Amino acid sequence: MAVERAPLWAGRLLAAMFLLAVLSNVSRFALKYLQSLGYRDWLAMSVYLGLLALVLWICRRQTSPGRESQVAWILLAASWAGKTVLACWLSGIPQAADRGFLLQFIDRWVAGGASALPELSREFYDYPLWLGRAWPFLYPFRLWFPEHFVLATFCLNAFLSTLLAGGIYLLLRPHVRRPLVPLGLAVLSPGLVWQVAEYGYQFQGALLLLAALFVLGRLSRALDGSRRSAWLWLAALALTYFLLFLQRGLELVLLAVGMALAVYEALEARSWRRLLRGGLAYAVAPLLLVHPVEKRVDDYFRQYDEGRLSSHFIGHIAMGWNLETWGEYYGPVVALDRRTPPERKTAAMLGYLAEQVRARPFDALVKLPLVKVVKLFQLGAASGAEDDLRAAGARTWGTVARATRLVFAPLALGLAALGAAGFFGRNGRAVFPWALLVLAFVAAYTFFSETSPRYSFYFQFVVIACAAEGLETLFGRRAAA
């Protein structure tokens, strides 16, 4: 039946994207970095590659369940300790770009309270976005640790990074042949290491999406079983929707995954009732449950938005269709949005988008979407921590951060391209929402938002799962030969 093969075809589609990303990463390495690399870079890449090989060799060894748990705890403890030391060591580096803006925003909010918000809304573009990202995670930390809040936040990042690696291990454990392999990849992933030194919000979003997929899978099974447990999982899904709503945009990705899963289950069962049940359980009911709370929070934020500088969703769409930066952040679009009166913002942004298509139709409609997809899979690129380290003159740390990224990205994506079809074909429906998550990100950030390599952080666990399968496929072929 064609519907039953949907996970396999999704895996093949992801494999093609991963392969395209590998070619892009290799080309970028050759054109941008190869000639400028010195002996420090090559030494750092060699050491990191050796460490990665050693950890994966340990993780691939046959072991008992008890021994596996011991190794997992050792890896997680070493990860937490190492990242905490890194957080303490790098807590003094200046935070630039978005990290610096977020830091300034929270500083002034804490200093002035709610009375500071109107002024902040007149200065900070995307004011509601900053509010949602600051509360309820970073804002309380600024209150609890007034003297050393950056250090405290970095230490929190170290804990969240370790928690994310542990969550990846637990989520993937039933679906991979050697569960320690994805844990080893997650622990040494440059994104999970260097993001510790960023005053940001990515860890919270990634953890929430991981939890949401776990809850979605449990809810799907509960709907065929216990009604009481289904209600509990439905409440948990509603909570994740609300927390993702505060991140501004990630809840829409989860909504797309939920609706696509409902359609898939209905086609698989050949039942429109399953479509109604899935649509209600995965999307409509959770949103209705949290809508009153979301509205109150949103109304509270917007009552202070005197500046109304941003057109929000439509502004991000226009930003994503600019051909100067190929869909990434572009200052002139922000300037246009800021100076346009609120009642004319939508027309101005749509006009800008139309002008891009009219001026260069082939670039806008063919080349731009392809470039944005490739950018989305540049794992670890556009790293705020790497940029901040170099700006602060921390040459050695900057070299190490870049070296780990240049090694990990093509290696992980290459293995993922090899293993994606096998992973999704073998596990089928149980992991299909994971493929839907990646495809939802691709669609959302290709057509409805600006794009950046940093957004791959949210679905990197899917790359890790496919890479673990690819590693086993590679060793299986060698053994057969």
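Bear in mind the structure is a predicted one, so any value in this text is a computation, not a measurement.
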Problem - pair H175-F423: side-chain heavy atoms closer than 4.5 Å - result: yes
Practice task
Tell me, please, which residues at least two apart from Y330 pass ring-ring contact (aromatic ring centres under 6.0 Å, His included).
Solution key: none
Fill in the blank from the handout: Rounded to the nearest 0.5 angstrom, the OH-CG distance for Y48 and L406 is 11.0 Å
Handout entry: Charged tip of R60 within 45° of F475 ring normal and under 6.0 Å
Key = yes
Exercise for the section: For F448, look at atom CZ and say whether over 12 heavy atoms of other residues, nucleotides or ligands are found less than 6.0 Å away. Expected result: no
Problem - Crowding at CH2, W80 (>12 non-hydrogen neighbours, <6.0 Å) - result: no
Exercise for the section: For a side-chain contact (heavy atoms from CB on, under 4.5 Å) with C59, tell me which candidate from V187, L180, L471, L54 qualifies. Expected result: L180
Practice task
Give a yes or no on this: more than 12 heavy atoms of other residues, nucleotides or ligands lie within 6.0 Å of atom CZ of F101.
Solution key: no
Practice task
Go through the steps to decide whether Q195 and S161 satisfy the test side-chain hydrogen bond (donor to acceptor under 3.5 Å, both in side chains), and finish with yes or no.
Solution key: CA-CA 8 Å; Q195 202 106 354; S161 176; over 6 Å; no
Side-chain donor-acceptor pairs under 3.5 Å in residues 166-174, sequence neighbours left out?
| from | atom 1 | to | atom 2 | distance (Å) |
| --- | --- | --- | --- | --- |
| Y169 | OH | E68 | OE2 | 2.6 |
| Y169 | OH | R173 | NE | 3.1 |
| R173 | NE | E68 | OE2 | 2.8 |
| R173 | NH2 | E68 | OE2 | 3.1 |

Exercise for the section: Applying side-chain contact (heavy atoms from CB on, under 4.5 Å), run through K372 and L376 and close with a yes or a no. Expected result: CA-CA 6 Å; K372 291 177 74 174; L376 194 57; over 6 Å; no
Exercise for the section: Using a cut-off of 6.0 Å, state whether more than 12 heavy atoms not belonging to F141 lie near its atom CZ. Expected result: yes
Practice task
Kindly determine whether V181 and L56 satisfy side-chain contact (heavy atoms from CB on, under 4.5 Å), including the steps that lead there.
Solution key: CA-CA 6 Å; V181 171; L56 291 180; 4.1 Å; yes
Handout entry: Non-neighbouring partners of K375 that pass salt bridge (charged side-chain N to carboxylate O under 4.0 Å, His left out), sequence neighbours left out
Key = E328
Completion exercise
So OH of Y199 and CD1 of I93: to nearest 0.5 Å the spacing works out to 14.0 Å
Exercise for the section: May I have all residue pairs that pass salt bridge (charged side-chain N to carboxylate O under 4.0 Å, His left out) and include part of residues 138-160, sequence neighbours excluded? Expected result: D107-R142
Fill in the blank from the handout: Checking F149, W109, W144 against Y139 for ring-ring contact (aromatic ring centres under 6.0 Å, His included), the one that qualifies is W109
Problem - salt bridge (charged side-chain N to carboxylate O under 4.0 Å, His left out) partners of E355, counting only residues at least two apart - result: R358
Handout entry: Aromatic contact, F459 with F377 (centres under 6.0 Å)
Key = yes
Exercise for the section: Determine whether more than 12 heavy atoms belonging to other residues, nucleotides or ligands lie under 6.0 Å from atom CZ of R177. Expected result: yes
Problem - For D126, salt bridge (charged side-chain N to carboxylate O under 4.0 Å, His left out) partners two or more places apart - result: none
Practice task
Using a cut-off of 6.0 Å, state whether more than 12 heavy atoms not belonging to R67 lie near its atom CZ.
Solution key: no
Practice task
Heavy atoms only: give me the nearest F424-G11 pair and the separation to one decimal.
Solution key: CD1-CA, 3.8 Å
Exercise for the section: Decide if the gap between the ring center of F203 and the ring center of F457 is smaller than 6.0 angstrom. Expected result: yes
Exercise for the section: With side-chain contact (heavy atoms from CB on, under 4.5 Å) as the test, would you mind laying out the steps for C88 and L151 before giving the verdict? Expected result: CA-CA 6 Å; C88 295; L151 172 60; 3.9 Å; yes
